[in-house]
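Written out below as structure tokens is the structure these notes cover.
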Amino acid sequence: MPFRTALTEALGIAIPVVQGGMQWVGYAELASAVSNAGGLGIITALTQPTPADLRSEIQRCKKMTSKPFAVNITLLPAIVPPDYDAYAQVVIDEGIRIVETAGNSPGPIIRKLKAAGTIVLHKCTTIRHALSAQKLGVDFLSIDGFECAGHVGEHDITNFILLRRAAQSLTTPFIASGGFGDGEGLAGALALGACGINMGTRFMCTAEAPIHENVKKAIVAATEDDTELLLRRWRNTSRLFKNKVAVEAKKIEKESVTGKFEEIAPYVSGKRGRNVFITGDIDEGVWTAGPVMGIIKDIPTCKDLLQRIEKEAETSIDRIGKLVVPAPASKL
């Protein structure tokens with residue numbers, strides 16, 4: 001039975017599950033597979049070197065699905081930042097009506113997208129940032145708990161608390177991100193006030209994810225303990241797969257006398273991380289993954305995964321509903 005939440009109603013999807021906008025993973029292959037399976041697939045804009053390349057990737061995805069899909073635009077600190085305005089304009093010109101935003105100072109991009117009638121999902125790791133995004137008029141907030149992969153923020157608040165704080169503080173509907181990989185998690189997020197979930201690591205470990213099979217097998221073999229937090233010293237904390245490079249980088253970060261980022265920079269190179277997904281050498285560079293790996297046991301198709309999640313969530317909700325029973329009749 002299809003779910004009906006604020007998310008499914010607004011986006012025109014059958015299952016309230018959003019694919020994370022992952023760097024070097026969010027290509028048309030995965031986005032279209034997730035959307036075809038009833039969720040919301042996402043192309044990651046910055047996987048494409050130029051706005052023109054993003055246009056080509058969007059057009060390629062349109063040929064692979066007739067269902068709604070989105071584009072992620074993450075604004076990251078950089079010496080020479082990408083032309084975010086041009087990326088956003090491509091999204092608008094191509095008629096993409098859903099965009100996931102994240103990162104620093106998103107106001108100008110969000111205002112541009114909203115002026116074009118775009119549905120905006122904005123990712124936040126704190127309630128303070130979520131309230132700021134709410135004032136910008138975003139349509140949905142994606143609340144990222146400390147369990148998430150990649151940029152976890154600096155506050156270390158887990159979803160069990162963060163989602164309840166969101167329900168108390170926000171008027172904008174929100175989805176839950178970080179630590180989700182199955183239908184029981186979806187049911188739990190709905191119970192905590194979310195209208196859907198965002199999954200990244202779980203979608204990396206699907207048949208259609210355009211990354212090397214060795215990476216997928218490493219995720220299946222991993223446990224919830226196999227992540228490493230790096231770059232906290234520079235207030236840019238990232239959760240990464242705990243491989244040889246991540247462990248070496250962590251040692252340098254902890255023991256460096258100078259505290260200069262240059263000492264660790266070669267270890268956290270984005271190029272090395274991308275090569276992991278291409279070559280399958282899981283120790284070639286750092287790559288993001290969350291502790292949800294502990295509950296991932298297979299590499300299904302996106303269709304099989306989302307059908308399973310839907311059924312598991314329905315079963316969980318039905319089971320919990322049966323725990324509520326009529327009060328015994330009074331003997332008086």
Side-chain angles (χ1 to χ4, degrees), residues 15-27 29-31 33-34 37 39-44 47 72 74 100 102 123 125 142-153 158-159 162-163 175-186 188-189 194 196-230 237-243 245-246 270 273-274 276-277 280 282-283 285-302 304-306 308-309 312-313:
I15 304 170
V17 176
V18 176
Q19 169 224 318
M22 298 168 282
Q23 185 70 342
W24 313 131
V25 183
Y27 293 96
E29 290 84 357
L30 181 58
V34 173
L40 180 73
I42 294 185
I43 291 174
T44 305
T47 57
N72 165 281
T74 299
E100 179 188 66
K123 299 189 79 171
T125 59
S142 182
I143 304 299
D144 276 23
F146 184 56
E147 304 93 326
C148 72
H151 296 285
V152 300
T158 60
N159 264 323
L162 199 58
L163 295 177
I175 62 177
S177 180
F180 296 99
D182 57 21
E184 287 81 3
L186 172 57
I197 58 174
N198 179 297
M199 302 194 310
T201 305
R202 175 66 269 196
F203 277 124
M204 288 174 66
C205 203
T206 56
E208 295 92 346
I211 59 177
H212 200 284
E213 195 73 8
N214 288 354
V215 178
K216 301 176 188 182
K217 290 178 179 178
I219 291 172
V220 170
T223 74
E224 61 273 21
D225 293 318
D226 290 322
T227 71
E228 190 72 83
L229 293 173
L230 285 182
T237 308
S238 291
R239 188 182 295 281
L240 305 164
F241 185 83
K242 192 174 185 177
N243 61 7
V245 183
R274 184 183 187 187
V276 169
F277 295 153
I282 65 169
D283 289 311
V286 296
W287 49 283
T288 59
V292 72
M293 291 188 294
I295 66 171
I296 295 173
K297 306 299 180 186
D298 60 358
I299 309 172
T301 65
C302 290
D304 287 344
L305 175 62
L306 286 179
R308 182 201 304 170
I309 286 174
E312 289 171 345

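This is a predicted model, so every value here is computed, not measured.
Note: Met199 CE to Met22 CE = 9.0 Å, rounded to the nearest 0.5 Å. In this structure, the separation between CZ on Arg202 and CD1 on Ile296 is 4.5 Å, given to the nearest 0.5 Å. The CZ atom of Arg274 sits 13.0 Å away from atom CD1 of Ile211, with the distance rounded to the nearest 0.5 Å. In this structure, CD in Glu184 is found 8.5 Å from CD1 in Ile295, a value given to the nearest 0.5 Å. Here the CD1 atom belonging to Ile309 is positioned 11.0 Å from the CG atom belonging to Asp304, to the nearest 0.5 angstrom. To the nearest 0.5 angstrom, Ile43 atom CD1 is 10.5 Å from Asn72 atom CG.
Judged by distance alone, the side chain of Thr201 and the main-chain N or O of Val292 form no donor-acceptor pair under 3.5 Å. In terms of modelled atom types and a separation under 3.5 Å, the side chain of Arg239 and the main chain of Phe146 share a donor-acceptor contact. Panel note: side chain His212, backbone Asn214; a donor-acceptor pair is recorded below 3.5 Å. Remark: the backbone N or O of Leu162 is not paired with any side-chain donor or acceptor of Asn159 at under 3.5 angstrom. With hydrogens and angles ignored, the 3.5 Å screen pairs no side-chain donor or acceptor of Glu228 with any backbone N or O of Phe241.
No side-chain heavy atom of Val152 sits less than 4.5 Å from a side-chain heavy atom of Thr125. Two residues are said to be in side-chain contact when any heavy atoms from C-beta on lie closer than 4.5 Å; Thr301 and Thr206 fail this criterion. Annotation: side chain of Trp287 is not in contact with side chain of Leu240 (no heavy-atom distance under 4.5 Å). Contact of the Met204 side chain with the Phe277 side chain is registered, since non-hydrogen atoms from C-beta on lie closer than 4.5 Å. Between Leu186 and Pro16 the shortest side-chain heavy-atom distance falls below 4.5 Å. Residues Thr44 and Val25 form no side-chain contact, since every pair of their non-hydrogen atoms from C-beta on lies 4.5 Å or further apart. In this structure, Phe203 and Val17 have side chains that are in contact, with non-hydrogen atoms separated by less than 4.5 Å. Side-chain atoms of Met293 and Thr227, non-hydrogen and from C-beta on, do get closer than 4.5 Å to each other.
The minimum heavy-atom distance between Cys302 and Glu208, with the atom names listed, is N-OE1, 3.0 Å. Closest non-hydrogen pair, Phe180 versus Ala189, comes out as CE2-CB, 3.8 Å. Taking every heavy atom of both residues into account, Cys205 and Pro300 meet most closely at O-CD, 3.5 Å. Pairing each heavy atom of Val286 with each of Asn243, the nearest pair is CA-ND2, 4.5 Å. Taking both residues in full, the closest heavy atoms of Pro210 and Leu30 are given as CD-CB, 4.0 Å, listed atom of the first, atom of the second, then distance. Heavy-atom minimum distance, Ala289 versus Ala149: C-CB, 3.3 Å.
The pair Asp298-Lys216 does not count as a salt bridge, with every side-chain nitrogen at least 4.0 angstrom from each carboxylate oxygen. In this structure, Lys123 pairs ionically with Asp144, as a charged nitrogen and a carboxylate oxygen lie closer than 4.0 Å.
The closest side-chain donor-acceptor pair between Gln19 and Asn198, if any, does not fall under 3.5 angstrom.
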Take Val18 and Ile42 through the test side-chain contact (heavy atoms from CB on, under 4.5 Å) and record every step on the way to the result.
-> CA-CA 8 Å; Val18 176; Ile42 294 185; 3.6 Å; yes

For Leu163 and Ile143, run side-chain contact (heavy atoms from CB on, under 4.5 Å): C-alpha distance rounded to whole Å, both residues' side-chain angles, the deciding distance at 0.1 Å, then the answer.
-> CA-CA 7 Å; Leu163 295 177; Ile143 304 299; 4.0 Å; yes

